[in-house]
Number of protein chains: 2
Amino acid sequence: MDTDFELQDFLPYLLNQAAEASGLAFQKHYKERYGMLRTEWRALFHLGRYGALTAKEIGQMARVHKTKISRAVAALEQKRFLTRQQMTQDRRHENLHLTKAGQAAFADICAAARRFDDQITAQFTPQEVATLKSCLSRIAGLETRNLPKTKNSN
Amino acid sequence: MDTDFELQDFLPYLLNQAAEASGLAFQKHYKERYGMLRTEWRALFHLGRYGALTAKEIGQMARVHKTKISRAVAALEQKRFLTRQQMTQDRRHENLHLTKAGQAAFADICAAARRFDDQITAQFTPQEVATLKSCLSRIAGLETRNLPKTKNSN
DNA sequence: GCTTGTTAGTTACAAAAACAACTAATATCT
DNA sequence: AGATATTAGTTGTTTTTGTAACTAACAAGC
């Protein structure tokens with residue numbers, strides 16, 4: 001009756017618990033202070049970090065479905081954190097770029113993210129952190145793809 | 001402008017991506033085959049693994065809010081995977097235990113979980129797996145609690 | 001030019017999650 | 001005993017997500 005299989009050893013469970021705990025703790029920096037949802041923060045991050053992008057590009061980089069991006073962009077636009085600009089060559093694409101306020105929010109949250117990350121990793125040795133991050137990347141399929149395909153390949 | 005901070009290095013992001021990828025891949029074993037939601041699978045697991053429990057106990061062990069447990073239990077009951085039994089000493093508590101069908105589903109999914117876990121961990125060295133799991137436990141707050149408290153302490 | 005196909009992004013509707021308010025049973029305090 | 005507080009679990013309402021269908025712009029074939 002599988003008497004020695006502990007849920008605490010099951011990777012999807014552990015990953016989920018760790019992701020939830022850290023995600024919930026970090027939320028306050030974008031949710032409490034700016035009323036943003038996680039997808040909004042991710043979109044903001046990509047625009048802040050990589051400059052003007054289209055919605056599609058953000059979706060691909062952040063691995064988020066286009067409908068979520070669409071709504072996140074609309075929300076960020078309403079908060080005056082970004083503006084849209086139709087591209088003349090192809091009017092289907094729209095170039096998104098952050099406003100001053102958007103850039104300020106990005107810088108602020110980004111700094112918080114760094115501190116937050118440092119705070120977690122400080123509990124471990126550099127060696128452990130390196131292993132942790134590399135394993136996570138592999139599992140997430142961000143590097144070598146060894147896992148069964150997910151549905152999120154939008 | 002934080003030009004060297006990559007989202008791929010930010011732990012909450014990495015954790016979330018890894019959790020989503022692995023969770024999505026494992027879903028098929030409980031969702032496709034049994035039409036269960038993740039919370040249902042977790043509740044089933046706890047009952048299969050630890051014997052009869054009350055809804056509250058499951059919630060505490062699995063770190064899930066009581067409303068989600070309540071609905072998961074109702075769904076499992078409807079699927080004839082468990083039965084309820086009011087306790088006479090305190091009629092507020094109800095003891096939940098799996099039916100034959102529930103036990104069968106548990107055994108089946110559990111075996112799949114083992115295989116799934118083995119498949120992921122096979123990519124890494126035993127040393128790496130040990131580090132990974134211990135770091136995740138720490139971050140999840142399942143052992144030493146070093147992180148800011150989360151809202152989920154129901 | 002006109003059909004057919006594709007692509008970027010939006011919208012509408014259904015499923016699931018979050019949160020708050022509730023009921024019923026028991027415990028506590030006086 | 002009777003008022004008040006707690007506790008286990010449920011229900012209802014609001015957000016957020018997932019999914020599919022849609023619009024508008026462009027591309028290709030003929």
Side-chain angles (χ1 to χ4, degrees), chain A residues 16-17 19-21 23-24 27-28 30-32 35-43 46-47 52-78 82-96 150-154, chain B residues 16-17 19-21 23-24 27-28 30-32 35-43 46-47 52-78 82-96 150-154:
Chain A
N16 188 71
Q17 293 291 326
E20 205 165 283
L24 226 41
Q27 262 194 20
K28 64 165 176 291
Y30 56 84
K31 191 174 187 182
E32 248 170 53
M36 278 189 226
L37 254 28
R38 192 169 50 190
T39 310
E40 294 170 44
W41 146 237
R42 282 205 193 155
H46 280 84
L47 290 171
L53 295 167
T54 67
K56 182 172 195 202
E57 289 168 328
I58 297 175
Q60 288 176 273
M61 298 174 84
R63 306 181 133 212
V64 176
H65 190 100
K66 61 181 181 171
T67 61
K68 272 173 93 172
I69 296 291
S70 173
R71 292 194 255 245
V73 167
L76 288 172
E77 186 182 28
Q78 200 193 299
L82 63 76
T83 54
R84 312 184 191 223
Q85 191 173 31
Q86 274 201 343
M87 287 167 88
T88 41
Q89 324 93 298
D90 186 338
R91 287 196 322 258
R92 282 172 307 181
H93 298 70
E94 41 190 25
N95 227 276
L96 308 168
T150 74
K151 248 191 196 171
N152 260 35
S153 327
N154 307 305
Chain B
N16 187 72
Q17 293 290 326
E20 205 166 283
L24 225 42
Q27 262 193 16
K28 64 165 176 290
Y30 56 84
K31 190 173 186 184
E32 246 170 56
M36 279 189 226
L37 252 29
R38 192 170 51 189
T39 310
E40 295 171 45
W41 146 238
R42 282 204 193 158
H46 280 85
L47 291 171
L53 297 166
T54 67
K56 184 176 194 199
E57 290 168 326
I58 298 175
Q60 289 176 268
M61 300 174 82
R63 308 181 134 210
V64 175
H65 190 96
K66 61 181 180 172
T67 60
K68 270 171 95 171
I69 296 290
S70 173
R71 285 173 168 130
V73 167
L76 289 172
E77 187 183 28
Q78 201 195 299
L82 63 77
T83 54
R84 311 183 192 225
Q85 192 172 31
Q86 273 201 342
M87 289 167 86
T88 41
Q89 324 94 293
D90 186 338
R91 289 199 318 261
R92 281 171 308 182
H93 296 71
E94 39 189 29
N95 228 278
L96 307 167
T150 74
K151 248 192 198 168
N152 259 36
S153 325
N154 311 303

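Within every chain, numbering begins at 1; the chains are lettered A, B, ... in the order of the sequence lines, protein sequences first and strands thereafter.
As a whole-Å value, the separation of Glu20(A) CD from dA17(C) P is 11 Å. Note: NZ (Lys68(B)) to P (dA20(C)) measures 16 Å, nearest angstrom. Note: CZ (Arg38(B)) to C1' (dA18(C)) measures 14 Å, nearest angstrom. Following rounding to the nearest Å, Lys31(A) (NZ) and dA17(C) (P) show an atom-to-atom distance of 15 Å. To the nearest angstrom, C1' of dA25(C) lies 7 Å from CZ of Arg91(B). The CD-P distance, from Gln86(B) to dA24(C), rounds to 13 Å in whole Å. Atom-to-atom, CE of Met36(B) to C1' of dA16(C) comes out at 17 Å; the value is rounded to the nearest Å. Distance, Leu37(B) CG to dG18(D) P: 12 Å, rounded to whole Å.
Legend: residues meeting side-chain contact (heavy atoms from CB on, under 4.5 Å) with His46(B), ordered by chain and number and at least two apart, are Leu7(A), Tyr50(B), Leu53(B), Ile58(B), Met61(B), Ala62(B). For Glu57(B), there are no salt bridge (Lys or Arg N to Asp or Glu O under 4.0 Å) partners, not counting sequence neighbours. A search for side chain to side chain donor-acceptor pair (under 3.5 Å) contacts involving Arg84(B) returns Glu77(B), Glu94(B), not counting sequence neighbours. Here Ala52(B) pairs with Asn95(B), His97(B) under the side-chain contact (heavy atoms from CB on, under 4.5 Å) rule; sequence neighbours left out. With sequence neighbours excluded, no residue satisfies side chain to side chain donor-acceptor pair (under 3.5 Å) with Arg71(A). Taking Arg91(B) as the reference, nothing meets the salt bridge (Lys or Arg N to Asp or Glu O under 4.0 Å) condition, with sequence neighbours excluded.
Recorded end-axis angle for the helix from dG1(C)-dC30(D) to dT30(C)-dA1(D) stands at 10°, based on five pairs per end and rounded to 10 degrees.
Taking 4.5 Å as the limit, some side-chain heavy atom of Leu76(A) sits within range of a side-chain heavy atom of Met36(A).
Interatomic distance, CD of Gln27(A) versus CG of Leu37(A), reported as 8.5 Å (0.5 Å rounding). Note: Lys68(B) NZ to Arg63(B) CZ = 13.5 Å, rounded to the nearest 0.5 Å.
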Per-nucleotide protein contact string for nucleotides 4-10 of chain C, where B marks a base within reach and S marks sugar-phosphate only (heavy atoms under 4.0 Å, - for neither): --BBSBB
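Backbone-only contact: Gln89(A) has heavy atoms under 4.0 Å from sugar-phosphate atoms and none from a base.
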